[in-house]
Amino acid sequence: MKKLMSIVLALGAASLAVPAAAQFAKPEDAIKYRQSALALLGNHFGHLGGMAQGKIPFDAASASLDADVVALVSKLPWHAFGPGTETSSSRPSAARPEIWKEEAKFKGASEKMQAEVAKVAAAAKTGNLDNLKAAFGPAAQSCKACHDDFRKR
Ligand code: ASC
């Protein structure tokens with residue numbers, strides 16, 4: 001029993017020590033993960049956009065929740081674009097090969113987006129629609145810029 005425990009603990013420690021990308025056993029797992037994160041991002045960002053554009057009634061509490069979700073989830077997709085996850089025969093991906101050829105540019109685009117959505121979260125916390133509107137545009141532009149360069153049309 002003691003031996004089993006130490007094996008379990010050793011495996012646990014080893015799993016913490018490996019790079020985050022190693023949490024994906026297969027390329028399709030990484031593709032599914034990043035698509036899931038980006039879908040959540042798009043859903044909550046879209047809801048915020050509806051409020052910023054007056055298509056959905058502004059509700060400060062739900063805007064703040066949306067923006068917090070967006071700020072957190074904006075950190076997640078990137079480690080799932082590791083080497084060897086470009087394509088999978090079992091899961092289509094819209095990722096363009098430039099992601100792996102222009103890594104610094106892709107990283108810069110992802111960091112720009114994360115910085116802009118952090119500003120949206122701060123703006124949403126003020127409870128003021130004008131602040132949300134002002135922060136939303138540059139954040140949306142940072143999504144679009146990355147899609148234009150790195151997502152298949
Ligand atoms: C969204 C969404 C995107 C971005 C982008 C902004 O709501 O799903 O991908 O905004 O369209 O230009």
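Atom set for the values below is all heavy atoms of this structure, side chains included, hydrogens, waters and symmetry mates excluded. Order of listing sets the numbers, starting from 1, for every ligand and every atom in it.
For ligand 1, the 4.0 Å heavy-atom shell takes in Gly42, Phe45, Gly46, Ala140, Cys143, Lys144, His147, ordered by chain and residue number.
By the side-chain hydrogen bond (donor to acceptor under 3.5 Å, both in side chains) test, Lys32 is found to be paired with no residue, residues two or more places apart in sequence or in another chain being considered. For Arg34, the salt bridge (charged side-chain N to carboxylate O under 4.0 Å, His left out) criterion is met by no residue, not counting sequence neighbours.
Under the 30°/60° scheme for interplanar angles, the aromatic rings of His79 and Phe24 are found to lie parallel.
A centroid separation of 6.0 Å or more is found between the aromatic rings of Phe106 and Trp100.
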**Message:** Determine whether Glu98 and Lys101 satisfy the following criterion, salt bridge (charged side-chain N to carboxylate O under 4.0 Å, His left out), listing intermediate values before the conclusion.
**Reply:** CA-CA 5 Å; Glu98 283 74 11; Lys101 288 180 197 146; 5.0 Å; no

Show me the donor-acceptor pairs, under 3.5 Å and distance only, between side chains in residues 40-57 and residues at least two apart or in other chains.
{"from": "His44", "atom 1": "ND1", "to": "Asp66", "atom 2": "OD1", "distance (Å)": "2.8"}
{"from": "His47", "atom 1": "ND1", "to": "Asp66", "atom 2": "OD2", "distance (Å)": "2.5"}
{"from": "Gln53", "atom 1": "OE1", "to": "Lys55", "atom 2": "NZ", "distance (Å)": "3.1"}

